[in-house]
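All ligand and atom numbering here is 1-based and tracks the order in the structure.
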Amino acid sequence: MTQPDSGQYGHLLEHEYDGIAEYDNPTPGWWHTIFLGSVLFSVFYFFFFTFSPMALTEEEQHAEAQRREFQKLFAEIGELEADQATILSLMGDPQWMPVAEGVFATNCVSCHGSMGQGLVGPNLTDDYFKNLTEITQIAEVIQNGAASGAMPAWGNRLHPNEIVLLAAYVADMRGRTIPPGTRTRDPEGEVIPPWPPVPDSVSGE
Ligand code: HEC
């Protein structure tokens with residue numbers, strides 16, 4: 001053997017084949033600690049995320065954050081009535097329609113398209129409607145769904161205020177111009193009368 005038995009490479013092991021010997025370089029203690037620590041952590045992690053009610057998925061965390069956010073927002077307006085005056089007064093509201101737009105983007109665009117142009121569900125920008133003739137019925141359709149669940153019921157998934165805000169947002173979509181070529185569905189239902197004018201007492205506020 002020509003190598004020193006100890007020094008910067010550690011000490012040589014006993015065995016040697018064809019003149020090749022091996023230094024004994026065990027992994028250091030800190031490395032074992034990290035390794036064992038991560039194995040133990042993985043057991044904890046597995047059981048925590050599989051069984052603990054405290055472990056939220058990203059989706060649940062998002063829903064929870066949104067719920068808190070809406071609670072804060074809705075403390076300002078209280079309980080909205082799903083009546084004609086309220087819906088009319090919220091149409092185009094600069095504070096609340098962006099909120100409704102967010103709710104629509106999260107829950108409705110998958111079926112109604114990002115501009116309401118229709119996809120799986122009908123176009124909401126034209127004058128043709130299948131399930132409603134009055135503005136308050138928009139809230140009812142959102143609340144209860146339509147066509148045996150093809151349009152899902154949102155009553156137990158959204159805050160009552162969100163439904164009123166969505167009704168105003170959808171009412172406001174009517175007459176919106178959508179770029180040519182984005183229309184994928186033919187008009188559905190009947191042409192319904194225009195929404196009533198915004199009452200003075202409300203618009204004057
Ligand atoms: C899973 C797909 C789907 C989702 C998600 C969905 N809708 Fe619908 N929606 C439909 C379908 C399909 C119809 C048409 C039902 C029918 O044939 O009568 C419809 C109808 C409607 C109508 C009535 C239109 C009419 O012509 O009578 C409104 C208003 C409406 N949806 C609003 C919404 C809003 C607001 C949301 C989000 C909270 C939403 N929808 C989410 C599929 C969906």
Participant: Could you tell me whether the side chain of W154 reaches within less than 4.5 Å of the side chain of E162, counting heavy atoms only?
Facilitator: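 They are not in side-chain contact.
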
Participant: Could you tell me the residue and atom name of the protein heavy atom closest to atom 28 (C) of ligand 1, and the distance to it rounded to 0.1 Å?
Facilitator: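 So the nearest neighbour among protein heavy atoms is L124 CD2, 3.8 Å.
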
Participant: Checking the N or O distance criterion of under 3.5 Å, is ligand 1 in contact with E188?
Facilitator: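 No - when backbone and side-chain N and O of E188 are compared with those of ligand 1, no distance drops under 3.5 Å.
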
Participant: If you measure from each non-hydrogen atom of W154 to ligand 1, which part falls under 4.0 Å: side chain, backbone, both or neither?
Facilitator: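 W154 to ligand 1: side-chain contact only, backbone stays beyond 4.0 Å.
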
Participant: Can you confirm whether more than 12 heavy atoms, excluding those of E81, are under 6.0 Å from its CD atom?
Facilitator: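 At most 12 heavy atoms, drawn from other residues, nucleotides or ligands, come within 6.0 Å of this atom.
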
Participant: Does F74, at its CZ atom, have more than 12 non-hydrogen atoms belonging to other residues, nucleotides or ligands within less than 6.0 Å?
Facilitator: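 Count over threshold, so yes.
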
Participant: What residue and atom, counting heavy atoms only, is the protein's closest point to atom 33 (C) of ligand 1, and at what distance?
Facilitator: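 For atom 33 (C) of ligand 1, the nearest protein heavy atom comes out as M151 CE, 3.2 Å.
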
Participant: Give the C-alpha distance, both sets of side-chain angles, the deciding distance and a yes or no for side-chain hydrogen bond (donor to acceptor under 3.5 Å, both in side chains) between Q95 and E76.
Facilitator: CA-CA 11 Å; Q95 184 185 6; E76 269 180 57; 3.1 Å; yes

Participant: With distance as the sole test, does S114 use its side chain to make a donor-acceptor pair with the main-chain N or O of A105 at under 3.5 Å?
Facilitator: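 The answer is no, because no donor-acceptor pair under 3.5 Å joins these two groups.
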
Participant: Answer yes if the side chains of Q61 and T57 hold a donor-acceptor pair under 3.5 Å, and no otherwise.
Facilitator: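 T57 and Q61 do not have a side-chain donor-acceptor pair below 3.5 Å.
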
Participant: For L119 and T184, work out which heavy atoms get closest and say how close.
Facilitator: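 Closest approach of L119 to T184: CA-OG1, 4.1 Å.
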
Participant: Taking only heavy atoms of A147, which atoms of ligand 1 are found under 4.0 Å from at least one of them?
Facilitator: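 Those qualifying, in numeric order: 15 (C), 16 (C), 17 (O), 18 (O).
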
Participant: Is ligand 1 less than 4.0 angstrom away from at least one heavy atom of P122?
Facilitator: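 It does; at least one heavy atom falls under 4.0 Å.
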
Participant: Closest non-hydrogen protein atom to atom 5 (C) of ligand 1, residue and atom name please, with distance?
Facilitator: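 The closest heavy atom on the protein side is N107 O, 3.3 Å.
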
Participant: Regarding R174 and D126, does a basic nitrogen lie under 4.0 Å from an acidic carboxylate oxygen?
Facilitator: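 Salt bridge absent between R174 and D126.
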
Participant: Counting each atom of ligand 1 from 1 as listed, which ones have a heavy atom of L166 under 4.0 Å away?
Facilitator: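 So the atoms of ligand 1 that pass are 38 (C).
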
Participant: Which protein heavy atom lies closest to atom 17 (O) of ligand 1, and at what distance to 0.1 Å?
Facilitator: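 Atom 17 (O) of ligand 1 sits closest to the protein heavy atom K130 NZ, 2.5 Å.
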
Participant: Starting from atom 42 (C) of ligand 1, locate the nearest protein heavy atom and write down its residue, its atom name and how far away it is, to 0.1 Å.
Facilitator: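 Its nearest protein heavy-atom neighbour is A150 O, 3.3 Å.
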
Participant: Measure from atom 30 (C) of ligand 1 to every heavy atom in H112, R174, M173 and give the option owning the shortest one.
Facilitator: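 Selected option, by shortest heavy-atom distance: H112.
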
Participant: Using heavy-atom distances, let me know which of C108, S110, G145 sits nearest atom 34 (C) of ligand 1.
Facilitator: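 Nearest heavy atom to atom 34 (C) of ligand 1 lies in C108.
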
Participant: Looking at H11 versus Y23, is the centre-to-centre ring distance below 6.0 Å?
Facilitator: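 For H11 and Y23, the ring centres are not under 6.0 Å apart.
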
Participant: Return the closest protein heavy atom for atom 22 (C) of ligand 1 as residue, atom name and distance.
Facilitator: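 Ranking protein heavy atoms by distance from atom 22 (C) of ligand 1, first comes V141 CG1, 3.8 Å.
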
Participant: Kindly state whether the ring of F48 and the ring of Y45 have centres lying under 6.0 angstrom apart.
Facilitator: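 Ring centroids of F48 and Y45 are no less than 6.0 Å from each other.
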
Participant: I want to know if ligand 1 touches N131 in the polar sense, i.e. an N/O pair below 3.5 angstrom.
Facilitator: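 Checking ligand 1 against N131, an N or O pair does fall under 3.5 Å apart.
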
Participant: I142 heavy atoms, cut-off 4.0 Å: which ligand 1 atoms fall inside?
Facilitator: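 Reading through ligand 1 atom by atom, the close ones are 35 (C).
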
Participant: Provide, to 0.1 Å, the distance between atom 1 (C) of ligand 1 and the closest protein heavy atom, together with that atom's residue and name.
Facilitator: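 Ranking protein heavy atoms by distance from atom 1 (C) of ligand 1, first comes C111 SG, 2.7 Å.
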
